[in-house]
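Sequence lines set the chain letters: A, B, ... in the order given, protein chains first and strands last, and positions in each chain run from 1. Keep in mind that this is a model prediction, so the values were computed, not measured.
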Amino acid sequence: MKERFDFNEIEPKWQKYWAEEGAGNSSADPSKKKFYCLEMFPYPSGKIHMGHVRNYAIGDVIARYKRMQGFNVLHPMGWDAFGMPAENAAIKNNVHPSKWTYENVAFMKQQLDRLGLSYDWDREVTTCNPEYYRWNQWFFLKLLEKGLAYRKTSFVNWCPSCATVLANEQVVDNGCWRCDSVVVQKELEQWFFRITRYAEELLQGCDDLSGWPERVAVMQKNWIGKSEGAEVDFSIEGRPEKLKIFTTRPDTLFGVTFMCIAAAHPLAEILTSDKPALEKVKAQYGKEDDKVGHFTGHYAINPLDNGRAPIYIANFVLMEYGTGAIMSVPAHDQRDFEFAKKYGLPIKTVIQPAVNSQQSDESLTEAFEGEGVLVNSGSFNGMRSKDAKAAIADFVERQGLGKKTINYKLRDWGISRQRYWGTPIPIIYCDKCGAVPVPEKDLPVILPDAVQFSGTGGSPLLNIKEFVNVDCPKCGAPGRRETDTMDTFVDSSWYFVRYCSKRDEGPLNKNNIAYWMPVDQYIGGIEHAVLHLLYSRFFTRCLRDLGITTQSEPFRNLLTQGMVCKETWKCPEHGWLFPEEVSDGRCPQCGKAVDKGRVEKMSKSKKNVIDPDALVKRYGADTMRLFSLFAAPPERDLEWSDQGVEGAYRFLHKIWGLVFRCRQDILRGREIASQNGHSPLIAPLLRKTHRTIKKVTSDIEKDYHFNTAIAAMMELVNEMSSFKSEKDEEKAMFYMAVQNLILMLFPFAPHFAEELWSEIGETRGIYRHAWPEWDEEFAKEEEVELVVQVNGKLRAKLLVPAGLSDEEAKDKALNDAKIKEVTEGKNIKKVIIVKGSLVNIVVAGGV
RNA sequence: GCGAGAGUGGCGGAACUGGCAGACGCGCUGGACUUAGGAUCCAGUGGGGAAACCUGUAGGGGUUCAACUCCCCUCUCUCGCACCA
């Protein structure tokens, strides 16, 4: 055994060993309890970053821990390999997206292996492989059959920089989720997945996601955005058209004093002759600072009381929600109130907060949006607004004036992308037959290799005659192939199902899927709270309805890990600086004092990244894993600290040194321990070891708080460091402590643990060993510190035998010299005893 | 504006169901070993104080024998939603 721990030697050695043993592999086996542990697969952008390291370290600890707990663990990895960066690289560097992608995959795979991650590579998925994406196409055809995929022309989000369409979920603050460019609206014919058919189910399902962070479920609920109300038809004075509005407040129908329609509403063009005014309102569409409107000169008739309501075109009314038209009740809606004040429109109160609070309409300073009692509402007067909602909606429906409606914000998922590097949509257009699906037997529709990237936008597929020109499968006439490709979120919506079967088993093996699904623990960033996680929930339901799985929810437990952050440095003139550029707090270019910026998410642009490769070279994979698990609990942001890494490195060395120095004692202890009839000596180290096992186990089980689990192991090591083993029994005990420590350390620092495991005389790999158990008897303290308070203030600490009765504890406390002094001559009113830990003596008149 | 989460030493972070605030690590201080130390080991380390002791979990109030923990108010930060009718 070497005196110093040499990670360069031992880490590759054990990686090779695990690979040969197939230590990460798994097979479906209904006789065993399964555990599916999954980390979000990466986009192969070139090399891994610290966010990946953290994500995968967390997953690997869980996978290894669960294996030791006896679970049949599925822990796969793959590549989200279609997407824009490959295409951009192709344009920029004249390298084919396929070559670029596969090279990145090879490089990153090697990086992951160097971290000692226990994946089952037999199930590796690469989404740009035809054997994978043919199933995207197959699902597309199935969804088409079920009416869940359809084509329509509509205004869609267009990112000018990416030269492609984006789904609603992919627009963040009116910018592109990938490149931040301002998104514009463009009218295009596109393919959609009818996710809205599952809106209600997806919403309801949010309440069953007990293993998810609540905020993620809340974000999905908000995104689905259900609201219940009614659609009501208003007639237009002197015109044949009807004006259909949606409202969640039918109880305020009698309070309507005007109507508003969106500038893009079909009636807007018809009802106003003043086109410049209409354009003006259009230009202000969606601007939140000001409400702008234009009176059309027409009036709508309230179907309930035949009141006349002027129709306005207003910038704050959204065409994409509800019917694009609203009834305005300024007394009970703040937006309508503001609009009414600006344009001098009447305000009519129809709900009183309390029965006797009369207030004139003119004196209102804001809308009253709460609940109350109806007034000025005909036969509904006196009804509670809560009840009136249903009553008026019912009335409207019975009279044929409208109907009760549920509205969702969720829109169908637009999946067409005008890009090359994605799954071809299996459709052929024929002048006679229309959009004809490619027959299943012709799948996959292979993405052609030989393409030219102009970089000027537009899919290069358009220019490939052999691809585009194809006969109609139905009538045989010359047709034209769809050149749009699928959104890459389609790829990631079912990859976790593909993993259930090995590469040679066929992708949709129902037995495998039934055994492994759902994912027991999913780990990834919060940025997919709506995107990928919502699409996957939708897709899983589609698979369920296709009979492929019986599950509705793909991910039982979700852990959203925090970001990896680091401090930043910034020169007021030259911007972000690398930490090593900054010497004595000055900018290397201009010599000006630099600002120590905030701690921010690692990013190349802020120059605060740490390269995992450099770290592996310097400290090894185990140290890097250990630090990233120790520095913060997994769901919280992690602040990178170079000195903290040193600390983790030191910790491993400390253990190594301990085993190195005491090796003979340990081996002797092992012999003693293996002898029959040996019973362990009850001593502090034994107690500490059992308590550590208990603590580490429960910290992992409860929310995966690895930071405190590692801290507990550190405590144990500290205690072991000062332990002297002279007698055989002590050696046996020390051996027992070392053995358990190594076992517990294994999921965190697996190479290191394997090496020490063999150094203490084991011949079978530790990866097959069971997780240690603790004995509650041994974990008990024999002496405890009894805290004695007087009026809640700490006055003494007494070392007493464990299991003291309340009476004994009280006696001990009251007879303590210090306590006697403090309570001398005072009237003891009460003594509170917390079993085995604390006595609080309450005396009159303070201390 | 609405919703959620958070605020604890010089720093990252601990603290069960209300019961010793600051586990563990980093940093710092002192010491040992050493030609040397940015290695290693040992000790100390919330603040004030010589000490007894006092004080301390964003700020203010409350409940309680006892509050980081529960309740009310205020401030700050982060995230999400944001004219959704």
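As a whole-Å value, the separation of A:Met713 CE from B:A23 C1' is 15 Å.
The phosphate of B:U40 (OP1 or OP2) has no side-chain N or O of A:Lys654 nearer than 4.0 angstrom. Close to B:A14, at under 4.0 Å from its OP1 or OP2, lies a side-chain N or O of A:Arg636. The side chain of A:Lys797 contributes no N or O atom lying less than 4.0 Å from OP1 or OP2 of B:C20. Checking the phosphate oxygens (OP1, OP2) of B:C20, no side-chain nitrogen or oxygen of A:Asn840 falls inside 4.0 Å. Here A:Asn707 reaches the OP1 or OP2 of B:A14: one of its side-chain N or O atoms lies under 4.0 Å away. Between A:Arg795 and B:C54 there is a side-chain polar atom (N or O) within less than 4.0 angstrom of OP1 or OP2.
Separating the CZ atom in A:Arg537 from the CD atom in A:Gln220 is a distance of 5.0 Å, to the nearest 0.5 Å.
For A:Lys291 and A:Phe339, the positive end is not near the middle of the six-membered ring at less than 6.0 Å and at most 45° from its axis.
Nucleic acid contact class of A:Gly225 (heavy atoms, under 4.0 Å, all strands): none.
For B:G37, there is no paired base (Watson-Crick or G-U wobble, both distances below 3.5 Å).
The only option from A:Thr247, A:Asn302, A:Thr257, A:Asp336 that meets the side chain to side chain contact (heavy atoms under 4.5 Å, CB included) definition with A:Met327 turns out to be A:Thr247.
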